[in-house]
Each structure stands twice: as structure tokens, then as C-alpha cells.
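Encoded as C-alpha cells, the structure appears first; notes follow it.
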Amino acid sequence: MIRAVRIILAAALAASVITTTGAAAPEPVERGVLRLHYVQKPIGYERYEIVPDRDGLTLTSDFDFTDRGGRVQLAATLRMAADLTPRAFKATGKSYRFVNVDSDVRIEGRDAIVKADGAESRVTLTTPFYTVDGYAPFAAQMMLLRYWKQHGQPRVIRTVPGLPSNEVFIEPRGREAIRIGATVVRLERYAIDGVVWGRETVWLDEHGALAAAITRAGGLSFEAVREDLEPALVGFVQRATRDRIADLEGITRQTSPLKSGTYAMTGATIVDGTGAPPLRDGVIVVRDGRIADVGARAAVAIPPGMAQVAVDGKTIVPGLWDMHTHVTQVEWAPVYLAAGVTTVRDMGNEFEFLTPLRDAIASKRALGPRIVAAGLIDGGGPNAFGVYYAATVDEAKQAVAKYHDAGFQQIKIYSLVTPPIVEAICAEAHRLGMTVTGHIPNGMTIEQAAAAGMDHIAHLGIRGEAGSEEVDKTIAFLREHKTVIDPTQSWNELLGHAAGTPIAAFQPGILKVPAPLNRVFSNAGAAGIDAAAARTRLERGLRIVKALHDAGVPIVAGTDEGVPGHSLHREIELYVEAGLTPMEALQAATIVPARAMKMDAELGTIERGKRADMVVLNANPLESIRNIRRVRWTITDGRVYDAPALWQSVRFQP
Ligand SMILES: [Zn+2]
């Protein structure tokens, strides 16, 4: 292992002007090396240095990692005045597999000339401001923190690029001492909100140098830790998790339910999700988190004195499920409820984050969707994903046991697990009453994966054309094995759309996301294909979805994240484009997932005795599936939440 090289040649650090003598190139006043991790797996480095120039400082950073075999590199330069005010910022490369970064910001007087992704704009700045474009490089966030400290800790700092400028909030979260062997390192901890969507945690040492940072990339946990502090990685994750859950508890206190306990909702059209026709002018009686009664107004007796909520003109459907999520930040919790999603299946996460979050929601300390968890296991080696591996039968048993003991319902198999270990994982999971989902492992076909015991398959995983003999055979095989498929078509559409097609053309939700998320998605999309080719590819997938559905293979709606909340609505819309009826598409996000997870006795439809998980829509989705986006209130375990307030709690437009 390479020793940490962080040299502070001048105690003055960034704050003061450093003059150099002679014509020799100035020496760096500071250098740092951060080890980068993806879901705790070490994958690369960021190296930075700060060099004085005539009247300021220049930071350069080289950010470089390899994730599952794919190289990601970003080169960045930040020029600052002596008081750390940015003068120019340039970042080129990628910050994640599908996130291209090409930003060039020049400060001219009170304006910023912003070149980002091929477009140029002039933004008039108000102070305080900073230049930063996403979480990478971390050294730029370190300088942002120093700037904030040196400029009186302003409540808000506007940043560019952003639309037209983004707001960042910094909050000190405390001091701590970390023991590494015999050394005690004193650190200050900060929450930064707005560089990415949601909050990051960043630690600075006594010299103001970056010690560690926890953020998200591509939706999953991404950690940077100075090499000498590497043994404290999990401790950093746990500390950040406690902060985030406290933040979510804060959101929960500010967004209290409009109604809970016992009440009757009257006057709505009820689409109960069983397939029965809509019931007009219906009544639902909710008592202590459950549906105590449901039916036509004349058929349901409302006890005298019971609180009534008139919801005339609205349509009530069962709470939605997202069957492919990675809930790696607490901001997802209000978003999901705002979108009408009351249950999610998490398909791979940081263990130390997911379990306390799930428990905080289950105990009602924090609002959010019910979380059903699938624990990810990969096959190990340099290209593996995450930190839970199984290369032997014993390791398979241990990994399954760890997840089982922590209350996970399912195992998610990842791409590098070998065929005999797939069988071992499935056998052990089934023995413990769990089910198994996942990617089709490399070198296996979908039939082999299902035959080895995988109960569900993530993503579509079927090549060829619907209607061909080969695909028909595959579909018949999956039906026989009762295999459940989450085809994530909205994810394919989002990443596979032609780069020239605006996302808003198929996903209007993109117009409502906070600026940093918009930055990320505006750079997604496939280069080198046109809109027609992208559409052809998507339609092939939709024809397979329809063929699977017609054959009786359960289709469950999942997003793999995408545009938070909105992608689930898009997934449901795409099933209708595929040829499912609006009722069938709705069921793919309600009762079919509940059955697939063996939770249909409690969830999935609006029926007497079930949990009161429901969505009150402004319009009927059976008339137009787009109405699924028009969520007014979401009811989870009988508590009624106002959707616009939930969206706004995490900086989305309602
Ligand atoms: Zn996924």
C-alpha cells in the first residue's frame, strides 16, 4: 500500500498570499491523496495539489477510478483569488459511468461566463458564490468549505454551473476524534446540501484539509477517505448515517400527517386494484393504520362522530411499489411518498445505511416508504461490485446468513457470481425462507439463472424479438418457473435516449427536480444514435414486456432509481405503451409486487383488513395513465401526507 502523502509546506494554507521568488515553477503549498470507494469497495484515487500564483492559488485535481471494469477520469482546475473567491473553474471527463462533465467557468467582474455541455451562458453573480459541478473533485468541495469559513459562514452560497445558479447550504455538525492505531486525529464534520441533490458529509482536519467525504454517485454510496484514515471508513459511514437519519427525522417533524388514527374518506372513485371496475362515490374507513371498511356510500356505515374527509372528484388507488430501488440517501424517503410510492424493494445498498434507515421508517420515527430489502452478493475479484462476495459455498452461506439475520427478505445476485455458487446461494436463501433476485450472472442464460433457483430477474435480460421461436421458448420456460421480471424500461429509456432528445420530451418530471440532479441527467443519454434508433430499441423491449405479460409471467414495476419518484410513473406509462391496460399497468406496481414478495395478505389492494397504503389522485389513471402523476395525498399506514409539501421538503417543485 502506498503511504499517505499529504504535505503541508506552508502553515498559511489557502488563506494567505504566498509569494515565490525567482522564475522557478512554484512548489505546491499543499497536496492530498484520497482513496475513492464505491459502496465501500476501494476503486481509485483523487490526487490534488494547491500551487500559489502571483495573487492567488490554483488547485488541480486528478480524479480516477475503475468501477466494474470501466475507467472513470476527471481532470479539474480551480483558480482562486487570495481570499479563495473563484476566478476560473474547469472540469473535463466523467464523474460516474454515465455522467459526462465538461464545464468551464470564467469569472469576469460580476458575471460568470459558463460553458457547460457545449452551451455558453452569462450569469450575473451575487456574493457569496462558488464554482463547483457535482461531488467531484472532492478537493473543490474542500475549497468551498474553506471559502465558507473565511467569508463568515454565509447561510447560502450560490454555485455555477447550475440553472442559472444553484443554492448550497453548509452546516457544521460537530467535532470528533478518530483513533487510528496510536494516533488520534481531530476532525470537524460538515453537512453540505446542494452540491449534489441531498446532503453529503465532509470532514476536515485541523489544517482544513479534507479527511473524508461521503456522497452518492449514480445513486449509490461513494466515499473518499484520506489513505491514513482508511481503517475508519465504516465509522465514517455510520457517523454520516446517524446525521442523515436525524435530518430525515427533522423533515418528518416539519411534514406531519394531515390526518391519522381513525377517519372516513368519502366521495372518491375507488380503484381497488383487484381488477374490479372503479367504484364511484365510495367510502373508505381507516382505523389505526388499516382499512376497516370500503364500499359504496350506501353500503358503508360511518360511525357517528367519526372524522370525515371529503375527497369528491378524486380517485384513490392502492399505494404504489417501486421494485427496483437503491435508497442510498434519506431524501428519497419524502420523494417516494410524494410520488405515491408506499413500498420499495431495495436492490443493493450500503448495509450500514439501509438497515437503520429501514428501521427508522418502520418505527415511524421517520417518514418514508416501507422498505423491503434484497441483499447484494457478487462473486469477488477486481471487477466485483460492493463488498459482499461469495466465491465458495461457505462464503455463500455466510453472506446469506448476514442478510437474513438483518431482516432482509431477499438476496440479489450480481453479475460475477459463478453458476455453482448461484445454486448454493439460492438453496441457502430458500432454506431460510428468502427469495432470490438479481442480474443474470455472466456466462449464464436467463433459463439457467431461473433453473439454478433465481425467483426473480432484474432488468429484462432477454435478447431477440418477441414472437421469435427462441424468445417464445424462453418465455414459456420463465412462466413454468414462475419467474418474476422487473424490466426497468424507464431506466433503459432514460440512459438510452438519443443525446439530442430533451428528457422532458418523455419524462416531464425532469422539469421539477433540483438543479444538481438536472445537471446530472442533462448529461446522460446515448451518443451516436438518433431518436428513431433509440425508439426502436425501446420498442423491442416493450414488445417483450407485453409478450411476457400475455404469457402470464409476472411483471413488476421498478426504476433502478432514474428521476426520483417520476421514473416509477414513467415505468407504468411505458407498460401501457407496451399494450397492457391501465389497470394491468397499475397492478404491476401494486398487487403483482405484493404477491411476488409474499406480502399480498397485507398490501397491494384496497380491501378490508389490509394496511391503509393508498394514493389519492386528482384524476383517474384508468382514463389516462398519465394521471398516475397527479398525486394529491399519499396515505401510508393510515397517515395522510400532502404530496406538494413532501416534494418541497427536498427541493423538488411540487
Ligand atoms: Zn439496480
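Numbering of ligands and ligand atoms starts at 1, following listing order.
Protein N/O/S atoms found under 2.8 Å from the Zn ion (ligand 1), listed by chain and residue number: H324 NE2, H326 NE2, D560 OD1.
By the 4.5 Å heavy-atom criterion applied to side chains, Y575 and V545 are counted as neighbours.
The cationic group of R216 does not satisfy the cation-pi geometry with F222, failing either the under 6.0 Å distance to the six-membered ring centre or the 45° limit from the ring axis. Both the sub-6.0 Å distance and the 45° axial angle are satisfied by K402 relative to the ring of F351.
The side-chain contact (heavy atoms from CB on, under 4.5 Å) search around A499 returns none, not counting sequence neighbours.
Among residues at least two apart or in separate chains, side-chain hydrogen bond (donor to acceptor under 3.5 Å, both in side chains) pairs with a member in residues 351-362 are Q40-E352. Sorted by first then second residue, the side-chain hydrogen bond (donor to acceptor under 3.5 Å, both in side chains) pairs that include residues 492-505, not counting sequence neighbours, are E493-R570.
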